[in-house]
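Remarks on the structure that follows.
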Number of protein chains: 2
Amino acid sequence: MAQSRALDDGTAHDGRRDLAAMIVPLGRALMAAESPVLRAHGLSMWAYSVLLALGEEPVRTQNALAQAIGADKTRIIGVLDGLQERGLIERRPDPGDRRVRLLSLTAEGRRLRDSAQAGIRERETRLLARLPAADRTAFLRALRTLSSLPEDEIIDPE
Amino acid sequence: MAQSRALDDGTAHDGRRDLAAMIVPLGRALMAAESPVLRAHGLSMWAYSVLLALGEEPVRTQNALAQAIGADKTRIIGVLDGLQERGLIERRPDPGDRRVRLLSLTAEGRRLRDSAQAGIRERETRLLARLPAADRTAFLRALRTLSSLPEDEIIDPE
DNA sequence: TATTGTTATACTCTATAACTATA
DNA sequence: TATAGTTATAGAGTATAACAATA
């Protein structure tokens with residue numbers, strides 16, 4: 001039968017592996033790289049995500065917060081409990097609609113988030129230093145473009 | 001207290017989010033994009049990974065195959081059973097050491113893999129078309145560089 | 001009746017440990 | 001005894017469904 005691939009090394013087409021085959025393990029390794037920093041700050045991955053999301057913009061409902069970080073609303077309840085007990089976030093009922101919880105960072109939460117993020121960024125910088133400067137900026141620009149696309153357009157690009 | 005971030009939108013430093021915060025959801029979306037193609041071919045994500053890994057180079061032990069695709073050796077046994085039953089892979093004892101199983105793709109396995117990969121690549125191409133050509137090539141080059149690093153060097157870059 | 005948050009349950013995925021067969 | 005593969009068990013993580021409070 002016809003052999004449609006010059007080299008049978010999994011790098012058909014333009015000589016690369018599938019995007020997901022490169023990106024997913026890279027993401028896993030990046031999470032593993034973050035983990036000691038987060039552990040030193042007493043934060044789980046989800047807790048750190050929450051701190052980041054609350055810094056981005058004040059969030060009005062827990063459901064909205066959960067969706068913003070790609071989690072189920074039931075998933076983050078324990079996380080919010082822990083952060084609140086440690087005084088890193090505030091969670092109080094909205095006077096206007098006492099069903100919803102207004103979520104915000106405390107000053108200490110902001111400090112901890114910044115400290116953890118600084119450690120993470122430092123490692124990222126060293127990793128990115130392996131790329132030529134031009135590739136690095138293009139990589140980051142492309143990454144920002146792709147990661148800001150709505151998920152639908154990634155799943156089914158036209 | 002001092003506000004160390006000009007804008008509190010989670011984009012400190014060089015105006016971007018954490019690498020993992022961009023890459024991990026992107027990887028998830030890419031897997032979601034692959035999933036209908038794989039389902040149409042009757043393949044799970046792990047089964048597809050196995051077909052790709054066997055295409056890259058013949059593998060001598062199941063343990064080595066599992067590690068190559070980032071799985072536990074116990075995790076892929078059911079996957080191999082299914083692929084073998086469908087005649088997509090061959091799995092026979094090594095005559096030299098009958099403990100080990102020699103793993104290889106059949107012609108039909110190769111065909112199925114190529115067909116699935118073609119569908120996946122087509123979607124990827126449309127997605128990457130959203131990037132300027134220069135960014136696209138730099139992105140792919142950088143991605144190949146980073147994803148080919150040993151995991152240790154990503155976790156703890158010097 | 002609908003919605004927010006919560007709790008309880010079930011399900012999936014993954015890792016660990018125990019077993020067999022070969023060496 | 002050590003290793004490759006397999007099976008069985010247990011654990012973590014996640015999603016689904018039921019519940020209480022408020023609107």
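Because only heavy atoms are used, hydrogens play no part in the values below, and waters and symmetry mates are left out as well, while side chains stay in. Quick note on labels: first sequence line is chain A, next is B, and so on, each numbered from 1.
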Residue whose nearest DNA chain D nucleotide is more 5′ - A/P95 or B/L103 =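 Per heavy-atom nearest nucleotide, the more 5' residue is B/L103.
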
Can you tell me how far C1' of D/dA20 sits from CZ of A/R98, to the nearest Å?
->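 Going from CZ in A/R98 over to C1' in D/dA20 covers 14 Å.
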
Could you state the atom-to-atom distance from CZ of B/R99 to P of D/dA2 in whole Å?
->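 Distance, rounded to whole Å: 13 Å.
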
Flag for A/T74-A/D72: side-chain donor and acceptor within less than 3.5 Å =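 A/D72 vs A/T74: donor-acceptor pair found between side chains.
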
Any donor-acceptor N or O pair under 3.5 Å, side chains B/R39, B/S35 |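 B/S35 and B/R39 do have a side-chain donor-acceptor pair below 3.5 Å.
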
With a 4.0 Å heavy-atom cut-off, tell me which residues in residues 24-34 of chain B come close to DNA chain D, sorted by residue number.
->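 By residue number: none to list.
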
Interface limits on DNA chain C, where chain A has a heavy atom under 4.0 Å of a nucleotide atom |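 The protein-touched segment is C/dA2 to C/dT7.
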
Would you confirm whether A/S115, through its side chain, and A/R111, through its main-chain N or O, come within 3.5 Å as a donor-acceptor pair?
->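 Not a single qualifying donor-acceptor pair exists.
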
Would you confirm whether B/E124, through its side chain, and A/L19, through its main-chain N or O, come within 3.5 Å as a donor-acceptor pair?
->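 A pair under 3.5 Å: yes.
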
Taking DNA chain C as the partner, which of residues 66-82 of chain A come within under 4.0 angstrom of it by heavy atom?
->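 Heavy-atom cutoff 4.0 Å gives A/K73, A/T74, A/I77.
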
Would you say the side chain of A/R60 lies within less than 4.5 Å of the side chain of A/L102, judging by non-hydrogen atoms?
->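 Side-chain contact under 4.5 Å: yes.
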
State, yes or no, whether a side-chain contact exists between B/L128 and B/L140 at a heavy-atom distance under 4.5 Å.
->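 Of all side-chain heavy-atom pairs linking B/L140 with B/L128, at least one is under 4.5 Å.
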
Flag yes if more than 12 heavy atoms outside B/R126 fall under 6.0 Å of its CZ atom; otherwise flag no.
->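 More than 12 within 6.0 Å, yes.
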
Does a sphere of radius 6.0 Å around CZ in A/R91 hold more than 12 heavy atoms from other residues, nucleotides or ligands, not counting ones at 6.0 Å or beyond?
->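 Atom CZ in A/R91 is packed in, count exceeds 12.
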
Looking at NE2 of B/H41 and CG of B/L51, how far apart are the two atoms once the value is rounded to the nearest 0.5 Å?
->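 Result: 10.5 Å between the selected atoms.
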
Between atom CD1 of B/I154 and atom OG of B/S147, what is the distance when rounded to the nearest 0.5 Å?
->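 Interatomic distance, B/I154 CD1 to B/S147 OG, rounded to 0.5 Å: 7.5 Å.
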
